Amino acid sequence: MAITWIDDGKINFRDQRVFVRVDFNVPLEDDGSGGQKVADDERVRAALPTLNLLLGKGAKLILASHLGRPKGRDASQSLMPVALCLQAHLNTDVIFADDCVGDGVKKQANDLKAGQVLLLENLRYHSGEEKNDDGFARQLAALADVYVNDAFGAAHRAHASTAGMAAFVDKKAGGLLLKKEAETLYGLLKQPKRPFVAILGGAKVSDKIGVLTKLLGKVDKILIGGAMAYTFLAAKGVPVGKSKTESEKLTIAKSVIESAAARNVQLLLPVDHIAATEFKETATPATTSTLGPEQMGLDIGPQTRALFAEALKGAGTVLWNGPMGVFEWDAFGQGTLAVATAVAHCGGFTVVGGGDSVSALNQSGLASKISHVSTGGGASLELLEGQKLPGLLALGYEF
Ligand code: AMP
């Protein structure tokens with residue numbers, strides 16, 4: 001079975017109850033009057049093309065998502081604030097159901113008219129969601145005539161709403177966001193325009209080692225920054241002082257370095273640093289090319305920024321995931337900003353994934369200059385590692 005996408009005309013959505021698994025796992029903040037509001041609506045906006053297409057085709061929409069990691073019902077992680085946000089974007093009323101399964105919700109779903117939108121309460125109020133419980137998946141499926149998955153950010157999870165329920169609904173399809181993410185990211189692995197440059201950063205080698213190993217066989221250059229760079233420098237015998245390193249990853253870091261050399265992949269590591277003697281926002285930053293025993297590297301230094309920018313010049317394809325330093329703190333955020341700028345202006349096909357890199361792009365107003373900003377950090381990494389994402393597998397995607 002090949003995957004059906006919602007825009008390939010194979011399914012008639014008119015008057016159908018269409019269950020759309022969206023990724024509305026958005027940050028919430030105080031609304032100033034004791035309630036909550038959506039702090040960043042990027043994920044809601046990312047779902048709009050699919051929702052508008054389905055509404056235009058006369059569907060009855062039933063939307064479902066998780067938000068946070070509640071253990072049972074928890075008013076602080078309700079999707080109610082998302083209903084208000086969505087209503088403003090869709091320009092139509094959004095009916096809110098105070099649960100996602102049960103007789104009351106079933107009646108609300110059955111009473112829907114074409115063009116109406118019902119948003120269900122947080123799927124993770126029920127433990128059956130993450131357990132991919134059969135009974136829970138059947139209850140969700142009973143609400144719908146058609147199942148659509150557009151939650152790329154959750155596609156690496158085999159949960160009831162992202163995978164299990166697909167088996168219990170006759171008609172199923174992938175949404176426009178899922179399609180764009182899958183086609184773009186698999187496209188990177190299949191036919192990248194060269195030179196292909198990958199930039200990896202962030203906290204841990206262990207989180208990125210899968211993708212790093214896979215990319216070694218695909219890219220021309222790998223630039224490594226962030227805390228993970230210090231494990232690589234330590235593996236090369238470079239003094240890293242008190243920088244964050246993973247001692248149990250030294251061997252694998254060494255073998256990545258050797259394997260890059262054997263494949264003629266240029267692997268670039270920081271040559272200077274913005275260092276501090278304590279891990280604190282107010283710590284005094286010092287620029288250095290040699291870390292002393294009391295120092296820790298918290299950002300890439302100016303020479304490294306120039307080196308990385310030079311390596312990005314003329315790139316055909318760029319993939320960037322993970323910050324170059326502790327970008328949350330201004331004094332250690334310049335390296336990440338410099339990489340964001342170099343990626344945005346390199347002229348190649350650019351893909352950025354991972355919450356921190358994406359928020360650095362947003363902060364610097366550069367997101368619109370990136371070819372594809374992925375909405376799923378974990379999902380994009382697992383896809384690029386070559387894993388078959390359960391959300392795509394359940395729809396019959398041919399990998
Ligand atoms: P990740 O979620 O793996 O992409 O890691 C992101 C986190 O890594 C951010 O919170 C950064 O503050 C942190 N980080 C990046 N560079 C460093 C560094 N040199 N030392 C400590 N933490 C870092």
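Values below: all heavy atoms of this structure, side chains included; hydrogens, waters and symmetry mates excluded. Everything quoted here is computed from the prediction, not taken from an experiment.
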Side chain to side chain, Ile199 and Leu312, heavy atoms closer than 4.5 Å:
yes

Indicate whether the side chain of Ser78 and that of Glu121 have a donor and an acceptor atom separated by less than 3.5 Å.
yes

Could you go through the side chain to side chain contact (heavy atoms under 4.5 Å, CB included) check for Val26 and Asp40 one step at a time?
CA-CA 7 Å; Val26 294; Asp40 178 351; over 6 Å; no

Are Glu42 and Thr375 close enough, and set up right, to give a side-chain hydrogen bond (donor to acceptor under 3.5 Å, both in side chains), and what steps lead you there?
CA-CA 9 Å; Glu42 195 171 312; Thr375 53; over 6 Å; no

Start with the C-alpha gap between Arg124 and Leu67, add the side-chain angles, then the distance that decides, and say whether side chain to side chain contact (heavy atoms under 4.5 Å, CB included) holds.
CA-CA 7 Å; Arg124 289 198 187 163; Leu67 192 153; over 6 Å; no

Are Leu140 and Leu63 grouped together when hydrophobic residues (ILVMFWY) are joined by side-chain heavy atoms under 4.5 angstrom apart?
no

Is Asp272 close to Pro302 at the side-chain level, that is, under 4.5 Å between some pair of heavy atoms?
yes

Kindly indicate whether the side chain of Asn25, heavy atoms from C-beta on, has any atom under 4.5 Å from the side chain of Arg43.
yes

Salt bridge (charged side-chain N to carboxylate O under 4.0 Å, His left out) for Asp134 and Arg138? Distances and angles first, verdict last.
CA-CA 6 Å; Asp134 232 45; Arg138 283 178 195 272; 3.8 Å; yes

By the ring pair (Phe, Tyr, Trp, His ring centres under 6.0 Å) test, which pairs, at least two apart or in different chains, include something from residues 135-189?
His126-Phe136, Tyr186-Tyr397, Tyr186-Phe399

Evaluate salt bridge (charged side-chain N to carboxylate O under 4.0 Å, His left out) for Arg21 paired with Glu129, printing each intermediate quantity in order.
CA-CA 12 Å; Arg21 178 40 161 115; Glu129 164 65 358; 3.6 Å; yes

Check for me, please, whether Val82 and Val94 land in the same ILVMFWY cluster - side-chain distances under 4.5 Å, paths through other members count.
yes

Pairwise distance NZ(Lys60) to CG(Asp111) - rounded to 0.5 angstrom:
9.0 Å

Determine whether Thr50 and Leu178 make a side-chain contact, defined as any pair of heavy atoms from C-beta on separated by less than 4.5 Å.
no

Starting from the C-alpha separation in whole Å, work towards a yes-or-no answer on side chain to side chain contact (heavy atoms under 4.5 Å, CB included) for Ile6 and Asp150.
CA-CA 10 Å; Ile6 58 167; Asp150 204 29; over 6 Å; no

How about Thr304 and Met324: do any of their side-chain heavy atoms sit closer than 4.5 Å?
no

Testing Val169, Val148, Ile11 one by one against Val18 for a side chain to side chain contact (heavy atoms under 4.5 Å, CB included), which residue passes?
Val148

Quick one: does Thr350's side chain get under 4.5 Å of Trp320's, heavy atoms only?
no

Donor + acceptor pair across side chains of Gln303, Ser289 (<3.5 Å)
no

dist Leu337:CG -> Leu366:CG (nearest 0.5 Å) comes out at 8.0 Å

Check: Leu143 and Leu120 side chains under 4.5 Å, non-hydrogen atoms:
yes

Heavy-atom distance under 4.5 Å between the side chains of Trp329 and Asp299, does that happen here?
no

Just by distance, no angles: are the side chains of His66 and Gln77 close enough, under 3.5 Å, to form a donor-acceptor pair?
no

Does the side chain of Ser76 pick up a donor-acceptor pair with the side chain of Gln36 at under 3.5 Å?
no

Please list, chain by chain and in numerical order, all residues satisfying side-chain hydrogen bond (donor to acceptor under 3.5 Å, both in side chains) with Gln334, sequence neighbours excluded.
none

Could you walk me through whether Leu384 and Lys214 satisfy the side chain to side chain contact (heavy atoms under 4.5 Å, CB included) test, starting with their C-alpha distance in whole Å, then the side-chain angles of each, then the deciding distance to 0.1 Å, before giving a yes or no?
CA-CA 7 Å; Leu384 292 168; Lys214 177 85 180 182; 5.9 Å; no

